[in-house]
Number of protein chains: 2
Amino acid sequence: MRKSIRSKRHEMVAQAIGEQRIRAGFTQYEVARRLDRHQPFMANIESGDRRIDVVELLDIAEIIDLDVPALIGRLRATR
Amino acid sequence: MRKSIRSKRHEMVAQAIGEQRIRAGFTQYEVARRLDRHQPFMANIESGDRRIDVVELLDIAEIIDLDVPALIGRLRATR
DNA sequence: GATAAATATCCGATTTTTGGATAATCGGAA
DNA sequence: TTCCGATTATCCAAAAATCGGATATTTATC
């Protein structure tokens, strides 16, 4: 946890991605590779060190089969 | 559009926000103010000069009453 | 055209991101 | 437990993006 953008909801996003990635049986390296990025890219996202925009979220979600609408629902219910 | 990473889908997000903001009757200044940001913040978002993370999108959507699930649906259908 | 409101642009200071290298951690096997 | 390979986390400096005050431009209304 290093950067400034730490909110409860940012944490939720990071955690949802990390958990679902593992559930789906991927390593950070594998997901990163599919996105043409490097492993630290995923590490930074999952640790919450890096912000993630909507388009990126959808790209990742598609790979790891993350339920984005459900995540958004939980985010909306959180302040 | 000045920065490097602009995709069709990023454009869609920017445009959806701009259009809905106007539809909802807000100025960039008003939305920015509610978010404790400055007017160029919204200008940069709507012009696609600035990426917008999921949490920010939800914050903005709540103010301008943007249908996020619908936007996401359109994003998923676009490559 | 004149004016005001709204939006876009400029730009330098600051912050964030990047990714190669490497360290630390985890998991399974023997 | 110890070893080993796989996975994840951390470091860091260069590159890129963001910030916001000031200002320019556009738009709307008269």
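Numbered from 1 within each chain, the chains take letters A, B, ... in sequence-line order.
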TODO: Would you mind classifying the nucleic acid contact of A/Q39 as base, sugar-phosphate or nothing, using non-hydrogen atoms under 4.0 angstrom?
DONE: base
Could you tell me the separation between the [atom1] atom of [X] and the [atom2] atom of [Y], rounded to the nearest 0.5 Å?
X	Y	atom1	atom2	answer
A/I45	A/I17	CD1	CD1	6.0 Å
B/I63	B/R21	CD1	CZ	12.0 Å
A/N44	A/R37	CG	CZ	10.5 Å
B/T78	B/E11	OG1	CD	11.0 Å
A/M12	A/I72	CE	CD1	11.0 Å
A/L58	B/L75	CG	CG	5.5 Å

Open item on the list: Contact list please: residues 54-62 of chain B against DNA chain C, heavy atoms, distance less than 4.0 Å, in numerical order.
Closed with: none
- [ ] Kindly state which residues belonging to residues 23-31 of chain A come within less than 4.0 angstrom of DNA chain C, counting heavy atoms of the residue only, listed by number.
- [x] none
Distance, rounded to the nearest Å, where [X] contributes [atom1] and [N] contributes [atom2]:
X	N	atom1	atom2	answer
A/I45	D/dT8	CD1	P	14 Å
A/E46	C/dC26	CD	C1'	15 Å
B/M42	D/dG20	CE	P	14 Å
B/D36	D/dC19	CG	P	13 Å
B/N44	D/dG21	CG	P	14 Å
B/I17	C/dT7	CD1	P	14 Å
B/R50	C/dA8	CZ	P	16 Å
A/F41	D/dC11	CZ	C1'	19 Å

Ignoring backbone atoms, establish whether [X] has a side-chain N or O less than 4.0 Å from OP1 or OP2 of [N].
X	N	value
B/R51	C/dT16	no
B/H38	D/dC19	no
B/R37	D/dC19	yes

TODO: Only counting residues at least two apart or in another chain, list the ones meeting salt bridge (Lys or Arg N to Asp or Glu O under 4.0 Å) with B/R33.
DONE: none
Open item on the list: Report for the helix from C/dG1-D/dC30 to C/dA30-D/dT1: angle between first-end and last-end helix axes, five pairs each, rounded to 10 degrees.
Closed with: 50°
Open item on the list: Show me the pairs that pass side chain to side chain donor-acceptor pair (under 3.5 Å) and involve residues 54-76 of chain B, at least two apart or across chains.
Closed with: A/R9-B/D59, A/R51-B/E56, B/R50-B/E56
TODO: Spell out, as yes or no, whether a donor-acceptor pair under 3.5 Å connects the side chain of A/Q20 to the backbone of A/L66.
DONE: no
Task: B/A14 backbone acceptor or donor facing B/E46 side chain under 3.5 Å - done: no
Open item on the list: Do B/Q15 and B/E19 pair up side chain to side chain, a donor and an acceptor below 3.5 Å, judged on atom types alone?
Closed with: yes
Task: Test side chain to side chain contact (heavy atoms under 4.5 Å, CB included) applied to B/E30 - qualifying residues, sequence neighbours left out - done: B/F26, B/T27
